[in-house]
Amino acid sequence: MDRADIVHDNFLRRVAAGDLPTGPAPQGPLSPDQARLAFRAACLSRALDRQARVMQRAGQGFYTIGSSGHEGMAAVALGLRPGDMALLHYRDAAFQIARALTVAGQDPVWDMLLSFAASSDDPISGGRHKVLGSRALMIPPQTSTIASHLPKAVGAAYSLGLMRQHRPDHAIMPQDSVVMCSFGDASLNHSTAQGALNAAGWAAWQGAPMPLLFVCEDNGIGISTKSPSGWVEAVLRARPGLAYHAADGLDLYETYAVTKAVAETIRRTKKPAILHLRTVRLYGHAGADVPTTYLPRTEVEADEANDPLLHAVRLLDQAGVMAPDEALAVYRAAADEVAARAAQAVQRPRLQTAAQVMASITPPARPRVPRNGPSPEARAEAFGNDAKAMADPQPMSRLINWALTDLMLDRPETVLMGEDVGRKGGVYGVTQKLQARFGSQRVIDTLLDEQSILGLAIGLGQNGFLPIPEIQFLAYLHNAEDQIRGEAATLPFFSNGQFTNPMVLRIAGLGYQKGFGGHFHNDNSLAVLRDIPGVIVACPSRGDEAVLMLRECARLAAEEQRVVVFVEPIALYPARDLHAPGDGLWMQTYPAPDLRLSFGEVGVDGDSTELAIVTYGNGVMLSHQARKILMEQGVSCKIIDLRWLAPLPEAALRSAVQGARHILVVDECRRSGNLSEAVMTLLAGHPALARVTAEDSFIATGPAYAATLPSATQIATAGLTLLAGDSR
């Protein structure tokens with residue numbers, strides 16, 4: 001017999017018989033009306049869990065991870081304000097239902113049934129996933145089961161402190177909000193949870209406003225692996241900077257009282273706290289999970305005997321709010337309502353085509369609020385003595401620094417963050433002077449944790465800021481790549497464009513650094529970024545191009561709500577010369593502030609039809625050096641700088657190579673899994689096509705730093721070979 005049916009039958013039998021579990025008497029400020037609402041929310045959540053299993057068996061539903069045993073989250077919802085952002089654990093249906101019952105115009109039962117049925121009418125995801133979430137209830141949808149939403153909760157809470165200095169035009173939270181994020185005891189052990197708890201405490205320790213409530217829902221088990229006795233409390237209590245509180249989630253009165261008191265303290269002090277909430281897990285992990293296959297039946301039955309709904313019936317009876325027979329009627333009515341409306345929900349339309357599914361990958365644009373922009377006096381004050389150097393050619397690193405300065409002047413919602421970006425000015429000096437120009441609240445020296453850096457950016461982006469996080473080296477992104485793949489890129493997709501987290505992620509990357517760092521500071525693979533739907537990847541090759549592209553990236557993030565990754569070739573930061581020491585041919589002057597490069601616009605240097613070299617980043621400089629060698633052999637060529645690496649600018653590239661009799665693709669990244677494969681596929685019909693790539697190898701330190709990478713000589717040789725008719 002399904003454990004869900006066993007729990008249901010036990011509830012009906014025990015309430016009818018007055019066989020209720022013992023426990024403390026109801027105490028605290030939960031009013032009779034609130035108690036009734038919380039119990040109804042709990043009953044609806046329970047009924048939805050059971051209905052999800054019915055729908056799945058009938059082939060009409062697609063999700064059975066339920067909230068049974070965690071119904072105490074209804075009281076947590078009532079202890080917060082409806083406008084407080086809530087990033088929810090996937091077992092928190094009772095929270096969303098309780099909040100919805102306090103907001104006019106909401107129909108949580110219908111909304112959740114549409115989600116179970118994967119109907120395109122689902123108001124949060126549009127039929128793309130079963131997620132908790134609601135724009136009207138300030139609940140961004142979460143698909144994570146491993147606490148990867150916690151870092152962005154830290155960012156969202158931090159944004160509330162920044163709003164004291166500047167409220168973005170598109171902010172979505174009141175400044176006196178509290179951000180709540182919930183997670184399970186098993187997820188506490190994941191690095192994302194540990195990092196987020198650490199980051200929140202680290203910030204609060206230094207006095208940064210952090211109005212954040214972590215709620216750890218402790219049912220004692222993660223799928224089949226138990227949390228060691230006392231472990232969760234010990235871990236949570238040991239967090240410096242975070243106040244620890246506990247409540248029994250089986251007791252609606254205690255849970256509400258503790259939540260309300262803690263939330264009011266957080267709202268007043270702007271200091272983060274943890275609520276350790278005792279829960280039980282009923283039915284196992286999901287519909288296909290049979291807990292008695294890995295737990296003693298006595299343990300399973302003990303949890304079932306502690307059913308939170310049975311405790312709620314006892315508490316409401318003792319408080320004089322609701323007699324057991326009335327509670328039983330509420331429970332039955334909830335089940336009947338859910339079943340009847342489920343029959344209607346499964347008839348609603350579902351997504352059918354790829355275009356329908358993909359419609360929310362790119363979020364809707366939001367127009368920029370008109371501004372006058374920075375005055376000449378403001379620019380002069382910000383740039384100081386640097387203004388005198390703008391008429392002279394400069395290397396890429398300095399031009400990017402000036403571009404960031406102009407962006408921060410032009411868009412006051414812009415915030416930079418990363419390891420060493422402030423006081424030090426970055427490892428390569430790209431962000432030097434920016435903290436002095438704009439202050440430590442807008443140029444943030446973060447702790448050494450890439451997940452927290454990206455989570456900070458996601459949370460700020462959700463609340464209307466334009467975050468520009470920096471990852472020091474491309475290899476370091478891999479510690480935190482899921483924050484882009486699983487969180488930032490999916491938020492508009494799973495919210496049907498109702499929530500967004502735009503950003504411009506700056507990453508120093510690629511190879512060709514002489515004698516520094518080996519693979520960990522010279523990572524030449526972009527595959528991890530290029531396959532994430534909706535993410536834009538850009539890579540400049542010259543300083544002036546970097547400025548123009550960075551301005552467009554900021555526009556794409558701020559006005560088109562995009563997640564943009566700006567890969568800055570480290571080796572080109574200081575580059576000055578092209579062919580000979582002192583020629584200064586790889587430096588440029590700073591472009592006027594009103595100029596930018598359009599998204600998807602490629603660069604074309606030359607008009608030769610004999611040979612076209614398609615490349616990007618360091619490959620552009622190398623191809624210019626190779627062109628000199630080729631010209632000495634009587635071969636002319638044009639160089640096409642892709643600039644935009646994802647999505648690939650297909651139409652612009654086809655136009656740029658049109659008429660070229662030979663095409664050579666130069667890719668400084670590894671032969672397997674990188675950009676050249678896509679370009680070769682796109683141009684596969686061309687009769688004379690070849691490529692030069694890096695080897696499938698990590699990069700060495702020392703004299704062999706470039707041994708596995710393309711060189712100007714290799715490019716020239718490949719071009720001559722191609723012209724000779726060998727297009728291997």
Side-chain angles (χ1 to χ4, degrees), residues 155 158-159 161-162 164-166 168 203 206 208 373-390 394-448 450 452-454 456-457 460-461 465-473 476 502-509 538 540 543-544 546-555 557-558 564-568 570 572-574 590-591 593 596:
Y158 191 83
S159 77
L162 291 182
R164 297 184 304 181
Q165 181 176 356
H166 172 75
Q206 300 172 83
S375 66
E377 293 78 15
R379 287 192 78 235
E381 181 180 356
F383 281 104
N385 291 331
D386 283 359
K388 300 175 183 178
M390 286 185 175
Q394 302 290 341
M396 180 187 284
S397 60
R398 198 170 196 192
L399 294 180
I400 291 176
N401 176 273
W402 293 346
L404 291 170
T405 300
D406 263 331
L407 284 174
M408 297 191 74
L409 286 169
D410 185 49
R411 298 180 182 271
E413 70 274 17
T414 303
V415 181
L416 273 63
M417 65 215 68
E419 301 164 24
D420 305 309
V421 299
R423 189 170 299 177
K424 178 179 174 63
V427 173
Y428 298 95
V430 178
T431 57
Q432 62 184 343
K433 302 182 183 179
L434 293 180
Q435 193 174 80
R437 290 168 179 164
F438 299 103
S440 59
Q441 286 193 306
R442 293 188 65 195
V443 182
I444 305 168
D445 278 316
T446 67
L447 72 175
L448 199 157
E450 285 76 20
S452 293
I453 293 169
L454 295 179
L456 175 59
L460 290 176
F465 286 91
L466 173 57
I468 304 183
E470 176 184 292
I471 300 297
Q472 266 186 4
F473 297 100
Y476 296 178
M503 71 174 72
V504 179
L505 169 57
R506 295 179 48 251
I507 305 178
D544 57 345
V547 171
L548 299 172
M549 291 176 67
L550 189 54
R551 291 171 182 166
E552 175 68 348
C553 290
R555 188 198 67 80
V564 186
V565 180
F566 193 65
V567 180
E568 299 169 6
I570 300 174
L572 297 179
Y573 277 154
Y590 186 65
R596 58 181 171 82

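Values reported hereafter were calculated over all heavy atoms of this structure, with side chains retained and with hydrogens, waters and symmetry mates removed. Note that the structure is predicted; figures quoted are calculated from it, not measured. Here, residue 1 is the first one in the sequence, and each next residue gets the next number.
Using a 4.5 Å heavy-atom threshold, the side chains of Val415 and Leu456 count as separate. Contact annotation: the side chain of Glu419 approaches that of Glu450 to within less than 4.5 Å [non-hydrogen atoms, C-beta and beyond]. A heavy-atom distance below 4.5 Å is not found between the side chains of Phe438 and Thr414. Within the 4.5 Å cutoff, no side-chain heavy atoms of Met408 are placed close to those of Arg437.
A distance of 11.0 Å separates CG in Leu416 from CG in Asp445, rounded to the nearest 0.5 Å. We find the OG1-CG distance between Thr405 and Leu409 to be 7.0 Å, quoted to the nearest 0.5 Å. Residue Thr431 holds its OG1 atom at 7.5 Å from CG of Asn401, rounded to the nearest 0.5 Å. Within the model, atoms CG of Leu447 and CE of Met417 stand 13.0 Å from one another, a figure rounded to the nearest 0.5 Å. Interatomic distance, Ile507 CD1 to Glu568 CD, rounded to the nearest 0.5 Å: 9.5 Å.
Residues satisfying the salt bridge (charged side-chain N to carboxylate O under 4.0 Å, His left out) test with Arg442, not counting sequence neighbours, are none. For Gln206, there are no side-chain hydrogen bond (donor to acceptor under 3.5 Å, both in side chains) partners two or more places apart in sequence or in a different chain. Residues satisfying the salt bridge (charged side-chain N to carboxylate O under 4.0 Å, His left out) test with Glu470, not counting sequence neighbours, are Arg506. Under the side-chain hydrogen bond (donor to acceptor under 3.5 Å, both in side chains) criterion, Ser159 pairs with Asn463, not counting sequence neighbours. For Ala389, the side chain to side chain contact (heavy atoms under 4.5 Å, CB included) partners two or more places apart in sequence, or in a different chain, are Gln394, Arg398, Trp402. With sequence neighbours left out, Ser397 forms a side-chain hydrogen bond (donor to acceptor under 3.5 Å, both in side chains) with no residue at all. For Ala403, the side chain to side chain contact (heavy atoms under 4.5 Å, CB included) criterion is met by Val547, Leu550, Tyr590, not counting sequence neighbours. Residues passing the salt bridge (charged side-chain N to carboxylate O under 4.0 Å, His left out) test with Glu413, sequence neighbours excluded: Arg371. Residues passing the side chain to side chain contact (heavy atoms under 4.5 Å, CB included) test with Asp410 are Arg368, Pro374, sequence neighbours excluded. Residues passing the salt bridge (charged side-chain N to carboxylate O under 4.0 Å, His left out) test with Arg164, sequence neighbours excluded: none. Listed by chain and residue number, Met549, Cys553, Phe566, Trp644 satisfy the side chain to side chain contact (heavy atoms under 4.5 Å, CB included) test with Ala538 (two or more places apart in sequence, or in another chain).
The minimum heavy-atom distance linking Arg411 with Ala558 is given by the pair NH1-CB, 3.3 Å. The minimum heavy-atom distance between Ala554 and Leu407, with the atom names listed, is CB-CD2, 3.6 Å. Here the shortest heavy-atom pairing between Ala508 and Gln472 reads CB-O, 3.1 Å. Of all the heavy atoms in Gly461 and Pro502, the pair that sits closest is O-CD, 3.6 Å. Nearest heavy-atom pair, Ile453 versus Pro469, reported as atom, atom and distance to 0.1 Å: CG2-CB, 3.9 Å. Of all heavy-atom pairs between Val504 and Ala557, the closest is CG2-CB, 3.8 Å.
For the pair Gln165 (side chain) and Gln441 (backbone), a donor-acceptor distance under 3.5 Å is absent. A donor-acceptor pair under 3.5 Å is absent between the side-chain atoms of Ser452 and the main chain of Leu448, judged by distance alone.
In this pair, Tyr428 and Tyr573 present their aromatic rings tilted. The plane angle is within the 30 to 60° band.
Within the structure, salt bridge (Lys or Arg N to Asp or Glu O under 4.0 Å) pairs that include any residue of residues 420-433 comprise Asp386-Lys433 (at least two apart or interchain).
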